[in-house]
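Notes follow once the structure below has been shown.
Counting starts at 1 for both ligands and their atoms, following the listed order.
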Amino acid sequence: MKTYKLGVVGDPINHSLSPKIHNLFAKRANIKIEYEPYHVLTSNLDSFIRDFFDDGGSGLNVTLPHKIDCLNSVDDFSPIVKKIGAANTLTRLSDTNQIFADSTDGMGLIKGLMEANINEIKSDILILGAGGAAQSIIHDLQTRFPRVIAIANRTKEKVKPVVSRFPPLDYDNLHPNTQVVDIETYLNERDSQGFRTLINATSAKEELDFKWCESLPIKGVTNFYDLSYSKLGETTPFVNWAKNQDIGAKGKIVRDGFGMLIHQAALSFEIWTGIKPDTKITKAELFDE
Ligand code: NDP
């Protein structure tokens with residue numbers, strides 16, 4: 001039986017849950033993998049990636065801070081990577097031997113939302129944060145045709161360059177032409193309808209960091225999704241804040257990003273092995289006491 005040589009590269013890397021997740025996938029799919037965490041500094045990234053694939057590597061996950069720099073070491077990339085300028089999944093293509101870069105974060109989020117029963121993402125969406133994670137999810141959210149995706153960030157100047165990366169998608173007349181705008185533009189629009197879905201893509205560490213959102217039109221928010229995730233038995237600051245919001249909305253859903261984490265990993269696994277893994281993984285299976 002073939003053994004897939006796989007791994008994840010980052011700095012730091014010892015916190016990564018990816019080795020455990022992929023080993024669970026492989027066990028359940030009854031295939032053999034060797035999935036290692038690699039601690040690599042930016043100065044060594046290019047030679048590391050080339051050596052990894054020359055030594056028989058099939059696939060490599062890329063995490064912080066290398067998601068942008070890894071593109072210097074690849075031969076080709078997917079349209080999403082071209083748009084967002086970052087990747088989390090590198091693959092050695094068997095037919096051409098080229099190293100190919102893809103990003104599974106956005107689709108991982110979409111699957112995480114669906115799993116949390118957040119199916120209705122056609123209404124206006126607010127994303128908090130304008131860093132790498134925010135940029136990696138906007139394109140896939142756009143393909144779900146919400147009316148507007150608004151972005152709010154602590155450092156306001158960082159939002160406009162992000163917005164300009166995501167012009168409206170020219171699909172067809174059946175769908176609204178999703179606009180990506182900064183929060184000020186949204187608030188100044190006369191027809192702003194208020195948000196139904198609020199996504200936290202910041203790395204804010206305190207519940208108080210979300211207090212200012214209470215002045216935004218979030219009264220109708222029913223879906224709160226945090227890209228950050230907590231350990232077993234703990235809660236993220238955003239989830240704590242969201243749970244405390246008495247917004248009068250019925251059927252409030254509040255989730256952290258554990259589902260997204262599993263799904264973005266599953267999509268990488270499928271790219272490398274052709275197998276859709278069983279994604280029913282609990283926090284108890286991944287976090288040690
Ligand atoms: P970046 O460093 O690229 O961006 C961080 C963002 O958080 C910036 O917008 C920054 O604002 C904002 N921020 C940081 N501290 C605060 C604060 N105290 N108050 C308000 N805003 C703040 O990080 P990433 O975008 O890569 O990651 C963001 C989060 O998403 C991380 O927690 C990461 O773990 C999570 N993530 C989860 C994934 C999953 O699979 N579940 C996948 C990828 C990421 P400013 O510009 O003002 O500094």
Side-chain angles (χ1 to χ4, degrees), residues 8 10-22 42 61-70 80-81 84-89 102-116 118 126-141 149-163 165 182-183 198-216 224-231 234-242 254-269 279 281 283 286-287:
V8 57
D11 173 26
I13 200 62
N14 51 4
H15 66 287
S16 175
L17 295 172
S18 295
K20 279 189 178 174
I21 296 171
H22 283 276
T42 304
N61 280 135
V62 184
T63 188
L64 297 178
H66 301 320
K67 288 185 171 189
I68 296 172
D69 289 338
C70 71
I80 292 182
V81 169
I84 66 180
N88 72 345
T89 305
D102 211 336
S103 174
T104 63
D105 279 341
M107 196 45 74
L109 169 73
I110 299 293
K111 285 176 176 273
L113 292 173
M114 300 298 155
E115 190 176 63
I118 302 176
L126 174 60
I127 296 176
L128 307 175
Q135 294 183 56
S136 73
I137 61 172
I138 294 171
H139 175 77
D140 286 289
L141 284 171
I149 298 172
I151 302 172
N153 193 47
R154 178 177 60 178
T155 312
K156 288 183 186 171
E157 310 83 81
K158 289 192 189 165
V159 178
K160 283 255 187 309
V162 173
V163 164
R165 274 179 179 261
D182 59 89
I183 186 68
L198 179 55
I199 296 176
N200 175 40
T202 74
S203 49
K205 300 275 183 287
E206 306 287 337
E207 193 177 330
L208 274 178
D209 291 329
F210 301 100
K211 189 86 187 144
W212 68 276
C213 299
E214 292 164 20
S215 63
L216 298 176
F224 296 82
Y225 198 89
D226 194 354
L227 264 52
S228 299
Y229 52 86
S230 61
K231 291 182 179 170
E234 297 180 7
T235 320
T236 64
F238 177 78
V239 165
N240 271 331
W241 170 81
V254 181
R255 285 286 190 294
D256 79 10
F258 186 73
M260 174 182 171
L261 173 77
I262 301 297
H263 285 291
Q264 58 80 28
L267 290 161
S268 296
F269 188 89
T279 53
I281 294 180
K283 286 187 179 179
L286 294 189
F287 290 105

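In this structure, Asn88 CG and Asp102 CG are separated by 7.5 Å, a value rounded to the nearest 0.5 Å.
Paired with Phe287 under the rule side-chain contact (heavy atoms from CB on, under 4.5 Å), one option of Lys231, Lys20, Glu234 passes, and it is Lys231.
Checking only distances, Leu227 does come within under 3.5 Å of ligand 1, N or O to N or O. Considering backbone and side-chain atoms alike, Asp105 places every N or O at 3.5 Å or more from each N or O of ligand 1. Taking only nitrogen or oxygen atoms, main chain and side chain alike, Lys67 does not reach within less than 3.5 Å of ligand 1.
The closest non-hydrogen atom to atom 32 (O) of ligand 1, taken over Ser228, Pro65, Gly131, comes from Ser228. Counting heavy atoms only, Ala133 comes closest to atom 27 (O) of ligand 1 of the residues Gly108, Ala133, Gly259, Ala265.
The nearest heavy-atom contact from the protein to atom 3 (O) of ligand 1 is Gly132 N, 3.0 Å. The protein atom (non-hydrogen) at minimum distance from atom 19 (N) of ligand 1 is Ala204 CB, 3.7 Å. Regarding atom 17 (C) of ligand 1, its nearest protein heavy-atom neighbour is Arg154 NH1, 3.4 Å. In terms of protein heavy-atom proximity, atom 42 (C) of ligand 1 is nearest to Met260 CE, 3.7 Å. For atom 18 (N) of ligand 1, the closest heavy atom belonging to the protein is Asp209 OD2, 3.3 Å. The protein atom (non-hydrogen) at minimum distance from atom 12 (C) of ligand 1 is Thr202 CB, 3.7 Å. For atom 7 (O) of ligand 1, the nearest protein heavy atom (residue, atom name, distance) is Ser203 N, 3.0 Å.
At a 4.0 Å heavy-atom cut-off, ligand 1 touches Asn153 through the side chain alone. At a heavy-atom distance under 4.0 Å, atoms from both the backbone and the side chain of Thr155 approach ligand 1. Contacts between Lys158 and ligand 1 below 4.0 angstrom, taking non-hydrogen atoms only, involve the side chain exclusively.
Side-chain polar atoms of Asn61 and Ser18 form no donor-acceptor pair below 3.5 angstrom. A donor-acceptor contact under 3.5 angstrom links the side chains of Thr236 and Asp226, judged on distance only.
In summary, the atoms of ligand 1 found under 4.0 Å from a heavy atom of Gly257, numbered by their order in the structure, are 41 (N). Every atom of ligand 1 with a heavy atom of Gly129 under 4.0 Å away is listed here by number and element: 9 (O). Counting the atoms of ligand 1 from 1 in the order shown, those under 4.0 Å from a heavy atom of Ala130 are 9 (O). Annotation for ligand 1: atoms under 4.0 Å from non-hydrogen atoms of Leu261 are 40 (O), 41 (N).
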Task: Test log, rule side-chain hydrogen bond (donor to acceptor under 3.5 Å, both in side chains), inputs Trp241 and Glu206 - done: CA-CA 9 Å; Trp241 170 81; Glu206 306 287 337; over 6 Å; no
- [ ] In sequence, state the C-alpha distance, the side-chain angles, and the governing distance for Leu227 and Asn200, and then conclude on side-chain contact (heavy atoms from CB on, under 4.5 Å).
- [x] CA-CA 6 Å; Leu227 264 52; Asn200 175 40; over 6 Å; no
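Minimum interatomic distance between Gly108 and His263 (heavy atoms only, all atoms of both residues): O-CB, 3.7 Å. Listed here is the closest heavy atom pair of Val162 and Ile151: CG1-CD1, 4.0 Å. Closest of all the heavy-atom pairs between Ile137 and Met260 is CG2-CE, 4.1 Å.
Contact annotation for atom 48 (O) of ligand 1: protein present (non-hydrogen atoms, distance under 4.0 Å). For atom 15 (N) of ligand 1, the protein comes within 4.0 Å by at least one heavy atom.
Comment: Glu214 engages Lys211 in a salt bridge, judged by a side-chain N to carboxylate O separation of less than 4.0 angstrom. Using a 4.0 Å cut-off between charged nitrogen and carboxylate oxygen, Asp182 and Lys156 do not count as a salt-bridge pair. Using a cut-off of 4.0 Å between Lys/Arg side-chain N and Asp/Glu carboxylate O, Asp105 and Lys67 are scored as salt-bridged.
Assignment of Ala201 to the shell around ligand 1 is supported, since a heavy atom sits closer than 4.0 Å.
In this structure, Phe210 and Phe238 have perpendicular ring planes: the angle between them is above 60°, well past the 30° mark.
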